[in-house]
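The first residue in the sequence is number 1, and the count goes up from there.
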Amino acid sequence: MEQTFKDKVALITGGSFGIGKATAIAFAKRGANVVVVDWIEDKETIETIQKAGGEAIFLKCDMSREEDIKMMVEQTIEKYGRLDFAFNNAGVEGLTAETHACTVENWNKVIGINLTGVWLCMKYQIPHMLKQGKGAIVNNASIAGLVGFPGIPAYVASKHGVIGLTKNAALEYGKLGIRVNVVCPGVIKTPMIDRYTGKSKEVEKQFESMEPIGRLGEPEEVADAVLWLCSDLSSFVTGHSLAVDGGWVAQ
């Protein structure tokens, strides 16, 4: 069954690149009005949506600033009058260092964007969904929210935190019409992974060799999972952590 989101409004943070971009385009192709949020505008995202006959706007936002996040939600409501779906996807990987060598600056930056930023998004998104009596939120964690990865302690801690925050919100708002879930992507072909691998084909092949499915994931595959979690097809699913990882954590 095809998900349709005609006349609905979807807000996607980190929407200019990678998973966020793929999700924004996927929502638009299924009829939603899309708010693309990022700290850098990628005109191709909006143009792709408009060429497909979709409606979208771009909002610049620093996910570590409460004022920006509050403005992001207010402008969404001002433009479209409602907020049906939110994909809180924006995140940073931070610097590579073992726990004892991780700097306070790196820790605060990663936690501030990846965890505090997601909490602030929900803080300002949920009141509008409560007024509507319905809404669906999907947060983006990572397989690093399900298992440890040596060398990125702040990232791992932030993503474990997003999963816990998601479960808590799901319990708080389930009877009020709001479902909250989280996707946990594995190694997906995105600019973040390019930065991690240094665009090295050799390193990429090492990741592929660790994947039970035998390849890396595509951003569109995560987007499909997000749309399913937002759709009525998943109406009895909330508080769930959905690994989209080719079987990585099953190992």
Side-chain angles (χ1 to χ4, degrees), residues 1-3 12-15 17-27 30 85 87-94 96 98-99 110 114-115 118 136-167 170 179-231 233-251:
M1 186 184 298
E2 180 75 7
Q3 305 107 313
I12 295 95
T13 69
F17 307 100
I19 292 169
K21 179 176 182 177
T23 304
I25 293 170
F27 264 118
R30 289 163 179 81
F85 314 117
F87 180 35
N88 298 319
N89 161 71
V92 294
E93 66 272 31
T96 302
E98 293 181 344
T99 299
V110 174
N114 293 5
L115 180 54
V118 168
I137 295 173
V138 179
N139 297 320
N140 195 1
S142 165
I143 52 173
L146 300 169
V147 297
F149 278 83
I152 47 173
Y155 186 80
V156 169
S158 71
K159 295 304 185 178
H160 274 71
V162 167
I163 291 175
L165 181 63
T166 298
K167 291 177 180 178
R179 294 186 300 108
V180 189
N181 292 289
V182 59
V183 287
C184 302
V187 186
I188 310 295
K189 294 179 182 178
T190 65
M192 180 180 286
I193 291 302
D194 286 343
R195 291 192 295 271
Y196 196 79
T197 63
K199 297 185 179 181
S200 167
K201 291 296 182 183
E202 183 177 340
V203 176
E204 187 174 308
K205 286 180 180 178
Q206 290 174 358
F207 277 115
E208 289 176 347
S209 70
M210 292 185 281
E211 286 282 5
I213 207 168
R215 63 175 177 83
L216 303 187
E218 299 290 342
E220 291 76 15
E221 292 174 304
V222 183
D224 286 341
V226 174
L227 266 63
W228 180 75
L229 288 170
C230 287
S231 76
L233 299 178
S234 65
S235 57
F236 200 56
V237 179
T238 194
H240 181 61
S241 304
L242 177 57
V244 188
D245 67 344
W248 184 294
V249 297
Q251 307 177 106

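A 4.5 Å side-chain heavy-atom check between C184 and D245 finds every atom pair outside the cut-off. Counting heavy atoms from C-beta on, the side chains of N181 and L242 never come closer than 4.5 Å.
R179 and S234 form a side-chain donor-acceptor contact under 3.5 Å, judged by distance and modelled atom types alone.
We find the CG-NZ distance between N140 and K159 to be 5.0 Å, quoted to the nearest 0.5 Å. Residue T23 holds its OG1 atom at 6.5 Å from CD1 of I12, rounded to the nearest 0.5 Å. Rounding to the nearest 0.5 angstrom, the gap separating the CG atom in L233 from the CG atom in L227 is 10.0 Å. The distance from the CG atom of L115 to the CD1 atom of I163 is 11.0 Å, given to the nearest 0.5 Å. One distance of note links OG1 of T99 with CD1 of I152; it measures 10.5 Å at 0.5 Å rounding. One distance of note links OG of S209 with CZ of R215; it measures 15.0 Å at 0.5 Å rounding.
A donor-acceptor pair under 3.5 Å links the side-chain atoms of H160 to the main chain of A144, judged by distance alone. Side chain of S158 to main chain of V110: no donor-acceptor pair is present (N/O by atom type, distance under 3.5 Å, no hydrogens or angles).
Applying the side chain to side chain contact (heavy atoms under 4.5 Å, CB included) rule to V147 yields the partners F149, V249; only residues at least two apart in sequence or on another chain are considered. Residues that satisfy the ring-ring contact (aromatic ring centres under 6.0 Å, His included) test with F87, not counting sequence neighbours, are absent from this structure.
More than 12 heavy atoms of other residues, nucleotides or ligands shown are found within 6.0 angstrom of CD on Q251.
Residue T166 is tested with I137, N88, V180 for a side chain to side chain contact (heavy atoms under 4.5 Å, CB included); the sole match is V180.
Here the closest heavy-atom approach between residue Y155 and residue E93 is recorded as CD1-CA, 3.6 Å.
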